[in-house]
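Below, chain A is the first sequence line, B the second, and so on; all start at residue 1.
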2 protein chains.
Amino acid sequence: MPGKHDERQKLGSPRAAKRRTTIDDVAKLAGVSRQTVSRAINDKGEIDPATKERVLQATRTLGYRPSRFAQGMRRQDSVTLGLIISDLSNPYFAEVAVAVLEVAEERGWHVIVCDSRNDEGKEREALDVLSRQADAIIGHCAGSDDVLARHAPGMPLVLLERGPDQTRFGSVGIDAAAGMAQAFAHLTGAGHHRIGMLDGAPDDRPSARREHFLAQVGMYDLPVGADWVVSCDRHSVGAGERGMDALLDAHPDVTAVVGFNDLIAVGAIRTARRRGLRVPDDVAVLGFDGLSLGELVEPPLTTLSIDKRELGRLAVEQVAAQLSGDEKPPAEGDAGVRPELVLRASA
Amino acid sequence: MPGKHDERQKLGSPRAAKRRTTIDDVAKLAGVSRQTVSRAINDKGEIDPATKERVLQATRTLGYRPSRFAQGMRRQDSVTLGLIISDLSNPYFAEVAVAVLEVAEERGWHVIVCDSRNDEGKEREALDVLSRQADAIIGHCAGSDDVLARHAPGMPLVLLERGPDQTRFGSVGIDAAAGMAQAFAHLTGAGHHRIGMLDGAPDDRPSARREHFLAQVGMYDLPVGADWVVSCDRHSVGAGERGMDALLDAHPDVTAVVGFNDLIAVGAIRTARRRGLRVPDDVAVLGFDGLSLGELVEPPLTTLSIDKRELGRLAVEQVAAQLSGDEKPPAEGDAGVRPELVLRASA
DNA sequence: TCATGATTCGTGAACGTTCACGTGAACGAT
DNA sequence: ATCGTTCACGTGAACGTTCACGAATCATGA
């Protein structure tokens, strides 16, 4: 083993701060120049095989790893995407994350993931961090355009589940209109008129799903008002259970319920059964997500399935467009991902 | 709006490559020096408030964002963690990811997430990428120590769910021995003797849970052989269903089944009920994970719950130790995270 | 008038890598 | 002997930022 030159102790510091081993250290040990080391580790040509091996050996004994910062500074490639997920423990968002990860990986992009835990404060922090550490951001963001602009100034930004009309940034929406239309066609076709909804957004916040739910209610002229929409405070089974309790208390004659998402719908089923109601005979329950979890509960959940892979793909493509093209293409008429009704037993 | 100095076109290239706007551009526009710009954007002192505002205004009009590479090069802080998850759409791993994300965030670390999709090839790719882009790696890795050393040379590495005896790298294990002991105490206490297992690893691979299952079988002297362990090819409900079919075909007199994880156990329940068996009366089913999903199925799943947050915390702490301390502290006698038996209805 | 200090700002020099060049040696052809 | 070519390798310069230092300005006091 070659002797280590221990010339790192310049100042009389008791324990000299461990300096990073650089390409020059390797060069010195191998008896060559920086450039030759670079050639060796990057598989460039113009190098003698023997020298290459000697250099690589030197990198090993020194435990050398090139600085990603210095490397990133020269080569301008290397794209890092920031992903803000509102709750990774929700299987739906996990699926979205998987989709984004997969599509980004195809392009050789790295993805830094942040979980905002449904907290707008955390979301802002995530935006702050990612606007420094990433080249673009994709996310389920609750903040207003102003907030986003303030905390991620000048960043390419693609919002998930927002229509192009709801933000001036890039966006990939869910076609809630088409989804609700399918839901109501199915439910009214089965004879339902008194249909309620368990929403996932607070009452004072806009909610595309609630909006289109009410639009369908109007379209079918159902005997149902805005108070048939109960807002759940979280996107969880527990919140769905509580919401369903509230809905049944207010409108015991409801015969069908549309959940904001599958988790809430599962909660609705549980509450219904706990209160002695049969699903779907006494009350039908319809979810919105398409989680595989829906197949496991009793009864299996009928749901508007969202193609998360498609969602992720579209989002990454938009980012790519914003990154390359100078101008943001204003969402080419696409209303977003179209849900598909998956019929199971619950409705 | 101040006029843009368009001096970027040096060579007569038709459309001059869009150069990055640097701190010098901002300095020029604001009529100050680099250093003053740096002071303004980093909230350092020694700057006139008026100048600061002028500089910040300039950054806005130019859409300037500091290069994370140049920044990372100077300030030596900024730690990026690589996280390799074998299947993010499995709620268990999603929870682990959430835990790591959360603990890493507390330290101000960024996390690049890779999903290896249970593919060792993908896992190696992830290692390759992360060894360049991260400062340390945490992961559920299937590869051998040799493979890991080859694809992440010199990297601080912490393996999840491996005992310190199973790898020379850092590791945070699950105390499968303690878990299985609890499981068998419960099952034998309920009178079970013919206990089977649905394993999650291939037969030819070591599996800590299988090992300790068999150890318990021996300890209680049960009339059960190694062929009472059926290996499932995936960690999914479907695989559990198939595995349970195989187990019931081979040993119709089995009265209790331990699943490798909750998903497989849920599959076991479904197969059992499909075949007309009552759970837990005819066959008891016990999971291993502690997913919240377990509360939703029929009957609710009894399971050995793993504290994923603890797992993530320990892993990050080990990384921190490896990053600061020169030597890897050889897993201070800790056997890892100890599962806790959560009694529900299925066993 | 000069020293003193505080405030505000600018000037090289680094951080570690890669790119565009340049150089010397070896070799063959003329 | 001269030239051109190829091969293997080395030398500044650049990437964009921050740090350590120094300098200019102004006010204050003796």
Checklist entry - Roughly how many Å is it from CD in A/Q71 to C1' in D/dT17, rounded to a whole number? => result 18 Å

Next on the checklist: Between the side chains of B/R309 and B/E106, is the shortest nitrogen-to-carboxylate-oxygen separation below 4.0 Å, so that they form an ion pair?
Outcome noted: no

Checklist entry - Would A/D25 and A/R20 satisfy salt bridge (charged side-chain N to carboxylate O under 4.0 Å, His left out), going step by step from the backbone distance to the final call? => result CA-CA 9 Å; A/D25 301 328; A/R20 187 190 176 94; over 6 Å; no

Item to check | Nearest-angstrom distance from the residue atom CZ of A/R39 to C1' of C/dC21 | outcome: 11 Å

Checklist outcome for this item: Quick note, A/S33 side chain, CB onward, closest among D/dT17, C/dT17, D/dG10 is D/dG10

Checklist entry - Separation of B/K28 atom NZ from C/dG10 atom P, in whole Å? => result 14 Å

Item to check | With A/E161 via side chain to side chain donor-acceptor pair (under 3.5 Å) - residues at least two apart | outcome: A/Y92, A/H140, A/R209

Item to check | Side-chain donor or acceptor of A/E123 paired with backbone N/O of A/A142 under 3.5 Å | outcome: yes

Checklist entry - To the side chain of A/Q35, which of C/dC9, D/dC15, D/dG10 is closest? => result D/dG10

Next on the checklist: I want to confirm an ordering. Mapping B/P66 and A/K52 to their closest nucleotides on DNA chain D, which one lands closer to the 5' end?
Outcome noted: A/K52

Item to check | Among C/dT18, C/dC9, D/dG16, the nucleotide that comes nearest once only the side chain of A/R75 is considered | outcome: C/dT18

Next on the checklist: OP1 or OP2 of C/dT17 versus the side-chain N and O atoms of A/S67: is any pair under 4.0 Å?
Outcome noted: no

Checklist entry - Hey, are B/D115 and B/K122 close enough for a salt bridge, meaning a charged N less than 4.0 Å from a carboxylate O? => result no

Checklist outcome for this item: Of C/dT11, C/dG16, D/dT17, the nucleotide closest to the side chain of B/D24 is D/dT17

Checklist entry - Nearest-Å distance, CD (A/E46) to P (D/dC9)? => result 10 Å

Item to check | B/R117/A/E105 salt bridge by N-O under 4.0 Å criterion | outcome: yes

Next on the checklist: With a 4.0 Å limit, can you tell me whether B/S38 has a side-chain N or O closer than that to the phosphate oxygens OP1/OP2 of D/dT17?
Outcome noted: no

Checklist entry - Between atom CZ in A/R65 and atom C1' in C/dT17, what is the gap in whole Å? => result 15 Å

Item to check | Residue A/R34, side-chain heavy atoms: nucleotide from C/dT18, D/dC9, C/dG12 that is nearest | outcome: C/dT18

Next on the checklist: As a test of reading the structure: which of D/dA8, C/dC15, D/dT17 is closest to the side chain of B/Y64, going by heavy atoms?
Outcome noted: D/dT17

Checklist entry - Nearest of D/dT18, C/dA20, D/dC9 to any side-chain atom of A/D48? => result D/dC9

Checklist entry - For DNA chain C, whose closest nucleotide is more 5', that of B/R74 or that of A/V37? => result B/R74

Checklist outcome for this item: To the nearest angstrom, the CD1-P distance between B/I47 and D/dT18 comes to 13 Å

Checklist entry - Does C/dT8 have OP1 or OP2 sitting under 4.0 Å from an N or O in the side chain of B/K44? => result no

Checklist outcome for this item: Closest to the side chain of A/V32, out of D/dA14, C/dG16, D/dG10, is D/dG10

Next on the checklist: If I take atom CD in residue B/Q76 and atom C1' in nucleotide C/dC15, what distance separates them, rounded to the nearest angstrom?
Outcome noted: 7 Å

Item to check | Interatomic distance, B/E53 CD vs C/dT8 C1' [rounded to whole Å] | outcome: 17 Å

